[in-house]
Amino acid sequence: MFIFTLRRFNLFFFTMLLLTILSFSLSFLFPGEQLVNLTGQINATPEQLAVLANEYQHQAGFITQYFNYVSHLFHGDMGYSMASHLPVATEIFNRLPATIELTSVALLVAMFVGIPIGFFAAIYHRKTPDNIILGVAMIGYSVPVFWLGILAILVFSIQLGWLPSAGQISLLFEIEHVTGLQLIDILLSDSPYKWQAFIDATRHLILPVIVVALAPATIFMRLARTAMLEVLETHYIKAAKAKGLTFWQIIYRHAMRNAFIKVIRDVGLQFANLVTIAMVTEVIFSWPGIGRWLIESIYQRDYTAIQGGLIVLSTFIFIVHIIIDFVYAALNPLAREPRHGA
Amino acid sequence: MNLIDIRNLSIELQTATKPILAVDRVNLTMKEGEVRGLVGESGSGKSLLAQAIVGVLDDKWKVDADRFHWRGQDLMRLSPEERKVIISKDVAMIFQEPMACLDPTTTIGEQLEEAVDTEQLTGFFWQKRQQRKQAAITLLHKVGIKKHEVCVKSFPHQLTDALCQRVMIAMALARRPILLIADEPTAAMESTNQGQIFRLLASLNQLKNMSILLISHDLENVTHWTNSITVMYSGQFVEAGTTEQIFSQPYHPYTRALVDSSPKANMQIPSKSRLMTLPGSIPVLQHLPIGCRLGPRCPRAQQKCVRAPKIKNFHSQQVSCHFPLKDNYS
């Protein structure tokens with residue numbers, strides 16, 4: 001298990017190395033002055049620029065410059081946004097929690113809906129439930145997310161008026177910013193309208209989460225279905241049958257865990273996809289997250305913000321990936337062996 | 001009374017084009033307390049037959065029999081569910097690759113505990129839990145595993161193949177079966193481990209009067225441990241008799257070839273000469289010959305062999321051949 005952990009950290013280190021190199025090289029590749037791209041100081045006077053050049057060791061070689069950039073990153077300095085002239089780190093820090101909230105809730109919903117349905121389809125392989133589920137999964141996967149988001153707003157917010165269409169919470173509620181995660185902040189606050197606020201925030205969350213979770217959920221359905229079918233073909237299921245266990249005992253005790261292990265690895269991979277979908281959804285639902293901010297930055301040619309957003313968002317995806325790897329190791333005794341824990 | 005009496009059991013593989021008859025009207029009878037070997041080349045349908053008896057074949061396979069009696073009870077008249085209840089109570093099976101037959105994510109202990117029959121336990125559920133644990137440990141002791149603390153906590157991949165097979169046998173014993181079907185229990189095992197497993201099975205047979213159907217592709221290997229042998233070829237019944245009969249006077253040309261092909265220590269053959277073998281190889285399922293399936297390879301085949309032979313009885317030795325090697329002995 002120690003080696004397993006060590007390997008994950010090793011992987012984390014090298015991925016971060018490559019990511020920072022990419023982000024650093026972006027400041028050269030973007031049009032304009034490299035130093036300005038890196039710091040975001042577009043209105044700086046020549047004197048200020050000279051100070052910055054000294055600070056970032058602009059005259060030295062690339063490698064020194066790179067390490068200088070990394071040390072700035074470690075100090076939480078990602079430069080200033082070209083559009084808002086605020087520090088990029090502050091901007092990201094204000095927006096990232098909303099994205100974490102949306103994507104993690106969506107991931108959980110996609111898993112807890114998609115995987116059991118996939119198992120169900122596999123158990124009724126080539127029967128009516130299986131065909132219906134496969135058909136629905138195909139449709140769900142094919143629907144473009146921006147169209148689905150607009151349609152959801154049109155139906156549930158405008159026509160039926162059940163759920164709010166934009167934002168994270170109604171402006172009536174004032175919630176103190178503690179962790180940044182809205183739901184947790186509400187529970188921590190001592191406002192007399194705590195529960196009303198909580199319900200309101202949940203109502204705001206429902207539509208975007210469904211829109212984000214739909215495509216990954218259908219992928220999980222198909223993955224879970226294939227995994228379950230594979231597991232049901234294995235010898236140990238046959239042996240369990242010969243042991244005299246009933247079908248549901250076999251499913252519950254042996255098949256589900258083994259099939260889940262096969263799916264959980266792909267969950268990590270699908271998370272990157274989910275974040276991409278979440279970025280589009282944030283724009284549609286005016287969700288105050290990092291995805292919407294990043295897309296706006298791209299429109300405004302805010303190069304400093306793009307670099308900062310790239311690093312933070314990829315790190316977030318990678319951390320989730322590693323967490324899922326640990327869940328996988330917790331479930332699968334084979335992965336914990338040093339020999340197998342690749 | 002026969003323990004198990006199967007007459008004309010056929011197994012069909014349902015394919016997209018047309019069904020393939022993988023096992024063609026095979027007979028099998030076993031007495032109580034008997035160790036019977038079921039011998040044949042790979043692909044002769046031995047494992048299929050065993051899995052059909054236990055009822056673990058999936059929907060692709062269609063099983064049909066003229067008679068399927070279990071201790072005098074006609075199982076063909078029962079519904080599949082009722083049949084499964086009776087069979088899973090009295091028949092246990094162990095498989096070829098023991099490690100693949102154990103759930104890789106569950107500890108040995110848990111897997112053993114769930115095999116323990118609930119009817120053997122008494123008291124409330126918290127007492128049952130403890131009893132279940134105890135029963136699992138007793139089972140491990142029965143198959144000769146002394147370090148039960150380590151074994152119970154291990155996952156299958158942490159044990160050796162031979163240990164896994166012992167665990168499989170322990171699981172099979174959990175329901176106190178009357179018949180144990182061992183499907184090549186020692187395939188891919190070292191010979192010392194093979195000996196251990198066979199000795200364990202033999203002692204179970206002698207001490208508990210448990211009948212064993214020992215499936216193997218190696219005739220030589222099973223002779224020490226069996227009372228009687230049934231030979232199959234390409235899904236057809238070939239010959240059945242006591243081990244002595246099969247070895248000293250095989251009536252079927254295939255059995256003859258099988259006995260002759262295995263080298264013995266006291267064999268008088270010139271150096272560098274070829275061992276006796278039949279030409280060709282076992283037919284694939286897609287191209288099965290009609291009639292006696294040995295026909296194309298058989299040294300004694302004649303025109304009559306395109307029709308499947310009827311079973312002939314010689315002193316309780318059954319042989320399915322138009323031209324048995326009857327005149328060679330006597």
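Chain A is the first sequence line, chain B the second, and so forth, proteins listed ahead of strands; every chain is numbered from 1.
Considering only heavy atoms from C-beta on, H254(A) comes within 4.5 Å of Q111(B) through its side chain.
Between chain A and the options M93(B), M171(B), E110(B), K84(B), heavy-atom pairs under 4.5 Å are most frequent for M171(B).
Proximity to chain B is limited to the side chain of I261(A), based on heavy atoms less than 4.5 angstrom apart. Both the backbone and the side chain of E114(B) come within contact range of chain A, judged by heavy atoms closer than 4.5 Å. With a threshold of 4.5 angstrom between heavy atoms, Q249(A) does not approach chain B through any atom at all. Heavy atoms closer than 4.5 Å to chain A are found in the side chain of V54(B), but not in its backbone.
Atom CE of M138(A) is surrounded by 12 or fewer heavy atoms from other residues, nucleotides or ligands within 6.0 Å. By the neighbour-count criterion of 12 heavy atoms within 6.0 Å, atom OH of Y141(A) is sparsely surrounded, having that number or fewer from other residues, nucleotides or ligands. For Y252(A), the OH atom sits in a loose shell: 12 or fewer heavy atoms of surrounding residues, nucleotides or ligands are nearer than 6.0 Å. Residue-environment remark: CZ (F112(A)) stays at or below the threshold of 12 foreign heavy atoms within 6.0 Å.
Closest approach of H235(A) to C101(B), counting heavy atoms only: CB-SG, 3.8 Å. Across all non-hydrogen atoms, the minimal contact from P104(B) to N258(A) is CG-OD1, 3.6 Å. Of all the heavy atoms in M168(B) and A239(A), the pair that sits closest is CE-CB, 4.1 Å.
Of the listed residues (T105(B), L102(B), D103(B)), just one forms a side chain to side chain contact (heavy atoms under 4.5 Å, CB included) with Y236(A), and that residue is D103(B).
Taken to the nearest 0.5 Å, the CG atom of L57(B) stands 6.5 Å off from the NZ atom of K238(A). Atom-to-atom distance recorded for T106(B):OG1 and R257(A):CZ is 4.5 Å, nearest 0.5 angstrom. Taken from CD in E81(B) to OG1 in T246(A), the straight-line distance is 12.0 Å, to the nearest 0.5 Å.
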